[in-house]
K.L.:
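Quick one: this structure, given as structure tokens, is what I'll be asking you about.
Letters A, B, ... are given to chains in the order of the sequence lines, protein chains preceding strands, and every chain is numbered from 1.
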Amino acid sequence: MANENTYFWLIITLAFVMTVLSGTISSRRRRLPTLRPIPGYEAMPRAVDESIESDRRLHLSPGSAAVGQTSTITAIAATSIIYALTERQSFLNRSPLVTLTDPVTMAMTNDLLRKAYMARENLTAYRSRVVSWFPQGQNSVAFGAGAAIRAKSMDTSSHIMVGEFGPELAFIGEVSMRFRQNFVAASTNLEGQAIAYVQSDAPLIGEEIFVGSAYLEPQSTTFAGGVVALDALRWAIIIAIIIAAIVNA
Amino acid sequence: MQADRKTRRRRRLKLGNAVNATLVLALGFTTMVGLISPADSTVGVTADIFLQLAGVLAAVAVLVGVSNLLFVHLGRLPRVRKGGFYSLVVILSAAAVTAVHVLDRTDAWGGDLEGEKVGPRLFGVIQVTLESALAGLVFFFLVYAAYRLMRHRVTWANLVFLAAVLIVLVGWLPLKDWEGAGDVRDWLMEIPVTAGSRGLLIGIGLGTVTVGVRVLLGRERAYREP
């Protein structure tokens, strides 16, 4: 009988093979797989463009996703989205506002912002102080209230909150409603996800958080490979559940 | 000459990327294998050391976070503008909490407070009370958000969402004639809600694996220069 380790290695191996294989095939064929439209990722570039046109800031946040804890991968996925959106507007002198609760993620986000400005050769516009740390940790209502006020005081046009959030997300959503700002949110925490679905202009659900790079940087074969791997894993799990249900019936 | 220098710089950066990717690959795989190996095996002990190093790094990063907080608010003080007062409150609070913590550690309190830990008591009185008060507002925000959702776009998913919210709220009412609503609520919570939650969690788990693989392959931007 297979134990938990066997399943773990099976899933990891499948993910490896699919990511490498699909990435290699895409780059050899010079054709990327067609991705299904996700409203959240269609709304994000629009929000960036709107902030550029209105000369206002973007508010980006990975929430309480923390590098070095169980939400490390969420933090990496969320900061990839922050990079892609910042890079899109990094020819400007106005940096986006980033709010978060983990200091290690703060250091990583600062580095990614620097790289985003470096990519457009506009490093002089990069300001490390636009990344604001709220020392509260997970599910902090004070973070939600504080980030909402900070975003208001910095004249933001849109809030893009992708990462780990709890009920505190409702405060930022409420501020966006009151001041007619764009609000796109998603959380790996179920409570936060429920709030994100209700308040978002364009929702993102579940694993869609982890494919942000593929949608926002569509020319990358690695990121596209990740989407194919995710789809393959999803189908493998669906088939495994159906087989298990039939066997146990 | 200048073009030559640029090419050399680009090469150097790519070498840096390769070193970073190799380090990540080696450390990542060692830690992953160590986590599922016996704790007293060589690879298990090595993984434990890496994890302890990560813990130390996280502790040092808190200092970076505190510095960021203080720099942001100190920067706002000289220019007296909207919100400057709150920055002053933040700085004074940070100083006061630090002082209280030091006094707690040195058992310096006297009189009625002798032997007491004032820090946790202050946290309970101020922070927990404030957070509870704010948390109470979340319900009203969500009801307003549901109203706005229906005004913004009426879809089948939104209708199902609204119906579920109403059933769950009505189900919690302590009315004798409405016991059926309680049963429907229980069924909703046990079957569709549990199934949906598990679906979302499985999806998030799979997403985590694919991004994790990307990290282990050294393809993540965090350790690559543009």
K.L.:
Is there any ring pair (Phe, Tyr, Trp, His ring centres under 6.0 Å) pair reaching into residues 33-78 of chain B, and which pairs are they, with sequence neighbours excluded?
P.N.:
none
K.L.:
Please determine whether side-chain hydrogen bond (donor to acceptor under 3.5 Å, both in side chains) holds for the pair A:Arg127 and A:Ser95, giving the CA-CA distance in whole Å, both sets of side-chain angles, and the decisive distance to 0.1 Å.
P.N.:
CA-CA 7 Å; A:Arg127 299 277 178 279; A:Ser95 315; over 6 Å; no
K.L.:
Quick check on A:Ser200 against chain B: is it the side chain, the backbone, both or neither that has a heavy atom closer than 4.5 Å?
P.N.:
backbone
K.L.:
With only heavy atoms counted, which part of B:Leu206 is less than 4.5 Å from chain A, the side chain, the backbone, both or neither?
P.N.:
both
K.L.:
May I have the step-by-step check of side-chain hydrogen bond (donor to acceptor under 3.5 Å, both in side chains) for B:Gln52 and B:Asp48, ending in yes or no?
P.N.:
CA-CA 6 Å; B:Gln52 282 179 25; B:Asp48 192 46; 3.2 Å; yes
K.L.:
Let me know if A:Leu230 has heavy atoms under 4.5 Å from chain B in its side chain, its backbone, both or neither.
P.N.:
both
K.L.:
Applying side-chain hydrogen bond (donor to acceptor under 3.5 Å, both in side chains), run through A:Tyr197 and B:Asn158 and close with a yes or a no.
P.N.:
CA-CA 10 Å; A:Tyr197 180 77; B:Asn158 294 351; 3.2 Å; yes
K.L.:
Side chain, backbone, both or neither: which part of B:Ala54 has an atom under 4.5 Å from a heavy atom of chain A?
P.N.:
neither
K.L.:
Which region of A:Asp102, side chain (C-beta onward) or backbone (N, CA, C, O), has a non-hydrogen atom less than 4.5 Å from a non-hydrogen atom of chain B, or is it both or neither?
P.N.:
neither
K.L.:
Run the side-chain contact (heavy atoms from CB on, under 4.5 Å) test against B:Thr208 and tell me which residues pass, sequence neighbours left out.
P.N.:
A:Ile73, A:Phe210, B:Ile204
K.L.:
What part of B:Val66 gets within 4.5 angstrom of chain A, counting heavy atoms only: side chain, backbone, both, or neither?
P.N.:
both
K.L.:
Quick one: what part of A:Glu174 sits under 4.5 Å from any heavy atom of chain B, side chain, backbone, both or neither?
P.N.:
side chain
K.L.:
Is the shortest side-chain heavy-atom distance between A:Tyr117 and A:Glu87 below 4.5 Å?
P.N.:
no
K.L.:
Angle class for the A:Phe143/A:Phe165 ring planes (parallel below 30°, perpendicular above 60°, tilted otherwise)?
P.N.:
parallel
K.L.:
Below 4.5 Å from any heavy atom of chain B, which atoms of A:Ala229 appear? Answer side chain, backbone, both or neither.
P.N.:
both
K.L.:
Are A:Lys152 and A:Phe179 in a cation-pi setup, meaning NZ or CZ lies under 6.0 angstrom from the ring centre and within 45 degrees of the ring axis?
P.N.:
yes
K.L.:
At a 4.5 Å cut-off on heavy atoms, which part of A:Arg120 comes close to chain B: side chain, backbone, both, or neither?
P.N.:
neither
K.L.:
Chain B heavy atoms under 4.5 Å from A:Leu233: which part of the residue, side chain, backbone, both or neither?
P.N.:
both
K.L.:
Give, as side chain, backbone, both or neither, the part of B:Ile202 having an atom under 4.5 angstrom from any heavy atom of chain A.
P.N.:
side chain
